[in-house]
Amino acid sequence: MRAAESGLELLDCPCFVCLLAQASSPMRGANQSSVSEFLLLGLSRQPQQQQLLFVLFLSMYLATILGNLLILLAISVDSRLHIPMYFFLSNLSFVDICFSSTTVPKMLTNHLLGTQTISFSGCLTQMYFVFMFVDMDNFLLAVMAYDRFVAICHPLHYSTKMTHQLCALLVAGSWVIANLNVLLHTLLMAQLSFCGYNAIPHFFCDVTPLLKLSCSDTHLNEVMILTEGSLIMITPFICILASYIHITCAILRVPSTKGRWKAFSTCGSHLAVVSLFYGTIIAVYFNPLSSHSSEKDTTATVMYTVVTPMLNPFIYSLRNRDLKGALQKMMRRKSCS
């Protein structure tokens, strides 16, 4: 009887299920997962709330695509906007379109088809692209802050410092670093084993829920997130803060009160989005795994994956007089044609 009870206790252990699945499949590698697909539970289990969330996310996604596409078209059409500031802005708009398209369409499709499944390889692929675009947003925000620093603090040397070669190098370097960083974390995630329970309480494959589902030792993954991942995220953030400190000092030397207030207002809007973006990411990914809750993590990730890309066109662009003029000119040209 005691042996039978011990056997039942082993069967109740999730890691025993994982080991049993690996033992029954000798052709699989030691690092292969016993889970072939995951279930994305979404944001709510209530049908009425699901309908409301579907309409809300669809509206925000369409607003994100439309706003960022208008910015891309306006910058490409108007030759006056072919300067470094708008070059970085067009890259940010492109990244935000891809960022939202990585998560929201899958969630909307799952709702329409009445399914929640995503394959193991599809989950890792989605995670790869989500965090690649997060890193790109991170780098582009820092590059745009540096561009504004040079323009405000060193206006006479702006054209010699912000050359086309430097701008292209900054963007290309950002893509390379972002891909290498995310590739490291994705490969580490692929080495983990996952047990029988495969439900992710989220609307996309996020790294924190996946680590919680794993029955392997996730210590290395957590250490890499808190060290290398922190370095990738915090370094651009420090550059943004340093740029805005110098910008603020330069603005305070402006004699006109109206000019100072206008500049501070613009910087405040930028810093609000930066704070929203970095605050939610730090809250989700740079805390110990034991301190996380699915509700808080989901709310925070919605902010930086859906809300921030939607707000960027309005905060960074539509308040800009030159861009407004380019958009109006483009609309008039289309109406005349």
Side-chain angles (χ1 to χ4, degrees), residues 33-73 92-134 136-137 182 186 189-190 194-214 276-277 280-281 284-285 292-314:
S33 171
S34 61
V35 172
S36 61
E37 62 182 18
F38 293 99
L39 298 177
L40 297 174
L41 300 183
L43 299 175
S44 174
R45 308 299 293 273
Q46 302 295 327
Q48 291 182 344
Q49 291 183 357
Q50 287 179 351
Q51 296 290 339
L52 178 61
L53 289 171
F54 176 83
V55 174
L56 180 63
F57 272 71
L58 178 61
S59 302
M60 289 193 294
Y61 178 65
L62 293 176
T64 301
I65 299 299
L66 179 61
N68 286 289
L69 278 179
L70 284 175
I71 292 172
L72 285 172
L73 288 173
L92 182 66
S93 295
F94 172 74
V95 168
D96 283 340
I97 290 173
C98 297
F99 191 10
S100 294
S101 299
T102 306
T103 57
V104 179
K106 175 63 178 176
M107 186 196 71
L108 299 178
T109 303
N110 283 355
H111 179 82
L112 290 175
L113 298 179
T115 182
Q116 297 175 315
T117 61
I118 184 171
S119 65
F120 181 79
S121 59
C123 190
L124 289 183
T125 302
Q126 187 184 55
M127 189 189 77
Y128 179 92
F129 283 105
V130 165
F131 291 104
M132 182 183 68
F133 294 128
V134 167
M136 281 305 301
D137 260 348
V182 179
T186 306
M189 184 68 70
F194 292 88
C195 303
Y197 186 72
N198 63 342
I200 300 175
H202 218 317
F203 67 98
F204 71 95
C205 289
D206 199 3
V207 63
T208 303
L210 284 173
L211 290 178
K212 287 184 177 182
L213 289 180
S214 175
L276 178 64
F277 179 78
T280 52
I281 288 179
V284 173
Y285 300 109
H292 289 263
S293 66
S294 58
E295 294 81 7
K296 292 180 180 179
D297 289 353
T298 301
T299 302
T301 51
V302 167
M303 295 301 292
Y304 79 82
T305 58
V306 182
V307 177
T308 302
M310 181 188 67
L311 293 178
N312 279 345
F314 299 96

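- Looking at residues two or more places apart in sequence or on another chain, you find a side-chain contact (heavy atoms from CB on, under 4.5 Å) between T117 and E37, L39, T115.
- L66 CG to I71 CD1: the interatomic distance, rounded to the nearest 0.5 Å, is 10.0 Å.
- Atom NZ of K212 is separated from atom CG of L210 by 11.5 Å, given to the nearest 0.5 angstrom.
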(message) As a quick check of understanding, evaluate ring pair (Phe, Tyr, Trp, His ring centres under 6.0 Å) for F99 and F129, giving each step before the final call.
(response) CA-CA 8 Å; F99 191 10; F129 283 105; over 10 Å; no
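- Smallest separation of non-hydrogen atoms from S100 and P105: O-CD, 3.4 Å.
- Note that the CE atom of M310 and the CG atom of N68 stand 11.0 Å from one another [nearest 0.5 Å].
- L213 contributes atom CG, which lies 6.5 Å from atom CZ of F38 (distance to the nearest 0.5 angstrom).
- Side chains of I200 and D206 form no contact here, defined as non-hydrogen atoms less than 4.5 Å apart.
- To the nearest 0.5 Å, atoms CZ (F94) and CG (L69) are separated by 10.5 Å.
- You'll find the side chain of V104 stays beyond 4.5 Å of the side chain of F204, heavy atoms only.
- Two residues are said to be in side-chain contact when any heavy atoms from C-beta on lie closer than 4.5 Å; C205 and L124 fail this criterion.
- Between H202 and L41 there is no side-chain heavy-atom pair separated by less than 4.5 Å.
- Residues M189 and V207 have side chains in contact (heavy-atom distance under 4.5 Å, counting atoms from C-beta outward).
- For the pair L72/I97, a side-chain contact is recorded, criterion being any heavy-atom separation below 4.5 Å from C-beta on.
- Taking CG from L40 and NE2 from H111, the interatomic distance works out to 14.5 Å, rounded to the nearest 0.5 Å.
- Looking only at side-chain heavy atoms (C-beta outward), I118 and Q126 come within less than 4.5 Å of each other.
- Between V95 and F133, the shortest heavy-atom contact is CG1-O, 3.7 Å.
- For the residue pair G122 and S119, the shortest heavy atom distance occurs at N-OG, 2.9 Å.
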Could you pull out all donor-acceptor pairs under 3.5 Å where a side-chain atom in residues 52-64 meets a protein atom, sequence neighbours excluded?
{"from": "S59", "atom 1": "OG", "to": "V55", "atom 2": "O", "distance (Å)": "2.8"}
{"from": "Y61", "atom 1": "OH", "to": "S101", "atom 2": "OG", "distance (Å)": "2.9"}
{"from": "T64", "atom 1": "OG1", "to": "M60", "atom 2": "O", "distance (Å)": "2.7"}

